[in-house]
Structure formats: structure tokens, C-alpha cells
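Just so you know, residue 1 is the first one in the sequence shown, and it goes up from there.
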Amino acid sequence: MPETKPTTFVRVFLASPSDVPDERKRVQEIIETMNQAEARTLGVTFELLKWEDAAPGMGRPEQILLDQLAPEKWDIFIGVLWLRFGSGTGGIDPDTHQPYLSGTEEEFKEACRLNQARGDGLPKIMMYRCRRDPVNALEFMSNPKNIEQFNQVNAFFAEFKPSGSYPGLYQEYKTLDEFGDLVRRHLNIRLAEFAEVQRTAPSPAPVAPPVV
């Protein structure tokens, strides 16, 4: 019988506020499609982790989510922001000692800390910013709460520079199809990386049969 190819499970955590539901759905569709095509061919299975899958519980909601979705096991972090930054989580950032402004921020910073601490470059962090205009721009801009949220988004991405808090690269898009094309292309890059790690990993030593 042909040797069965081992499967590498790659856990993808999806973070975003509530104003990008179509993007969240598109990521899930892309991962499902890739798992039946190129990922399967290379012996990789993407496992999508998202807050919708967390079971109810008592306590700080964001902590319940993180306890269940185990950040230390994330291989890829996908973050998406548009007009909203989100709502405070009740948690305190251990680095700045300031309250987290949103669940997305807490999840992103957790991913960054793990990326720096683990030493293997994981989780890979992929941030996306939607540049679509609001459906009704005048109405949106007339609401102070909307302005506050949008300013928080701007402040977050302003830190993606060599001298900022998050030196790195993010990707902008305007349409849902453009977003989908970007995510699929970038996941294919990650797919090749994980497949190469699997290919070059040493085979486990054979287990000797028990002595009877």
C-alpha cells in the first residue's frame, strides 16, 4: 500500500470587529476551498479559529475566548479592520498597563508577544485594512462615536512603521474580491512555508516491537 502522507495542521486565528462580516465569511470560504485543493495536495490542513466558535462561559468574555482558542497554538493571525476598532474588553495590556480598547487589539498584541517570544516566527501576522467608504459617509461622519472609532483605527495603523509600536507591513484593499484575492495569495505563501517545514522535518524514529 502507498505510504500515507502525514498531515500538518495549521491553525489560523481570525480577528476583527463586527463591521466586516463579509470578510470573515470570505476567509472561511477560502480556507475551505484550499483545504480541498492546494493545501490537501501538500499535506497541510488549515484550521480556522474564530470567536463565533467559542462556547459560552462565565467570566471576562475575551479571556473565555482566548482560553478556548489557545493563542500559543496559533500559526497564523489574520486581522481585519475597517471603520470600527471595537469595544473595550476589561483587560489590561501588561506592556503598557493601559486598558485594551478592543478584542481585536488584545488578540493582535497577544499574537505579537507570542511571535517575539517563541523564536520560530509564529504566529505569522497578516493585517488587512479596508479602505471602502462608508455606505453613508455624511451620516457616518456626523456621529462622534464613529469618529472616535475611526480615529482608533488610524492610530493603530500609524504604528506600523520602523519606529512604531508594530514595525511591520499591512495590506490595504477596497473591495471584497480584492480582499479575497489577497488573503488567498498570502495563505498560499504561508502554505508553501509550512509544507517546506514538513518536508524537511526529520522522520520519527521507528518504534521497536515489544519483547515478549
Side-chain angles (χ1 to χ4, degrees), residues 1-16 20 23-54 65-66 68-81 104 106-130 157 159-162 164-173 175-208:
M1 294 180 63
E3 183 180 353
T4 302
K5 193 169 187 178
T7 298
T8 296
F9 288 92
V10 175
R11 295 172 179 86
V12 182
F13 182 80
L14 176 59
S16 77
V20 286
E23 281 85 342
R24 295 183 68 83
K25 182 179 179 181
R26 183 61 61 90
V27 171
Q28 181 163 346
E29 291 170 348
I30 290 169
I31 285 179
E32 290 173 352
T33 300
M34 292 182 70
N35 279 342
Q36 296 301 317
E38 55 263 56
R40 184 175 183 179
T41 301
L42 294 174
V44 173
T45 296
F46 288 117
E47 180 183 355
L48 182 60
L49 307 174
K50 54 190 192 302
W51 64 262
E52 294 94 330
D53 298 328
L65 186 154
L66 293 175
Q68 293 185 39
L69 301 183
E72 65 274 9
K73 295 183 179 179
W74 299 349
D75 298 301
I76 298 174
F77 174 95
I78 295 178
V80 188
L81 289 169
T104 301
E106 183 168 351
E107 293 150 10
F108 170 79
K109 289 191 173 183
E110 182 67 20
C112 288
R113 280 190 287 270
L114 287 166
N115 177 275
Q116 295 174 3
R118 285 173 56 171
D120 57 3
L122 300 178
K124 303 289 187 181
I125 298 174
M126 301 181 356
M127 283 298 308
Y128 299 87
R129 181 175 190 179
C130 178
F157 283 110
E159 294 299 326
F160 279 75
K161 55 187 177 183
S165 300
Y166 324 125
L169 179 68
Y170 66 91
Q171 185 71 59
E172 296 184 346
Y173 68 94
T175 70
L176 185 60
D177 286 342
E178 184 183 1
F179 171 76
D181 290 342
L182 288 169
V183 170
R184 180 150 194 160
R185 187 191 318 153
H186 299 155
L187 282 178
N188 267 302
I189 293 173
R190 301 307 179 202
L191 174 62
E193 295 170 349
F194 285 108
E196 179 63 15
V197 170
Q198 175 182 267
R199 186 186 70 80
T200 57
S203 301
V207 177

So, the side chain of N35 versus the backbone of F46: is there a donor-acceptor pair under 3.5 Å, distance only? yes

Which residues pass the salt bridge (charged side-chain N to carboxylate O under 4.0 Å, His left out) test with E178, sequence neighbours left out? none

Could you walk me through whether T33 and R184 pass the side chain to side chain contact (heavy atoms under 4.5 Å, CB included) check? CA-CA 10 Å; T33 300; R184 180 150 194 160; 3.4 Å; yes

Throw together a table of side-chain donor-acceptor distances under 3.5 angstrom for residues 117-125, partners on residues two or more places apart or in other chains.
residue: R118; atom: NH1; partner: E72; partner atom: O; Å: 3.2
residue: R118; atom: NH1; partner: W74; partner atom: O; Å: 3.1
residue: R118; atom: NH2; partner: D120; partner atom: OD2; Å: 3.3
residue: D120; atom: OD1; partner: L122; partner atom: N; Å: 3.1

Result of checking E107, R24, Q28, E52 against L14 for side chain to side chain contact (heavy atoms under 4.5 Å, CB included): R24

From R11 atom CZ to I76 atom CD1, the distance as rounded to the nearest 0.5 Å: 12.0 Å

Going by salt bridge (charged side-chain N to carboxylate O under 4.0 Å, His left out), name the residues that satisfy it together with E106, two or more places apart in sequence or in a different chain. R60

Heavy atoms only: give me the nearest V80-S16 pair and the separation to one decimal. O-CB, 3.3 Å

By salt bridge (charged side-chain N to carboxylate O under 4.0 Å, His left out), K109 pairs with (sequence neighbours left out) D93, E105

Are Y173 and E23 close enough that a side-chain donor and a side-chain acceptor fall under 3.5 Å? yes

Could you list the residues that satisfy side-chain hydrogen bond (donor to acceptor under 3.5 Å, both in side chains) with Q171, not counting sequence neighbours? none

Can you confirm whether more than 12 heavy atoms, excluding those of L169, are under 6.0 Å from its CG atom? no

So how far is it from D75 CG to R190 CZ, rounded to the nearest 0.5 Å? 11.5 Å

Yes or no on side chain to side chain contact (heavy atoms under 4.5 Å, CB included) for Y128 and H186, after CA distance, side-chain angles and deciding distance? CA-CA 11 Å; Y128 299 87; H186 299 155; 2.7 Å; yes

Measure the CG-CD distance between N188 and E38 for me, rounded to the nearest 0.5 Å. 4.5 Å

Which heavy-atom pair separates F108 from F77 by the least distance, and what is that distance? CA-CZ, 3.5 Å

What is the distance from atom CD of E172 to atom CZ of F157, rounded to the nearest 0.5 Å? 8.0 Å

Report the distance from atom CD1 of I78 to atom CE of M126, rounding to the nearest 0.5 Å. 4.0 Å

I'd like to check the salt bridge (charged side-chain N to carboxylate O under 4.0 Å, His left out) partners of E29; sequence neighbours left out, ordered by chain and number. R26

Within this structure, what is the CH2-CZ distance for the pair W51 and F13, rounded to the nearest 0.5 Å? 11.0 Å

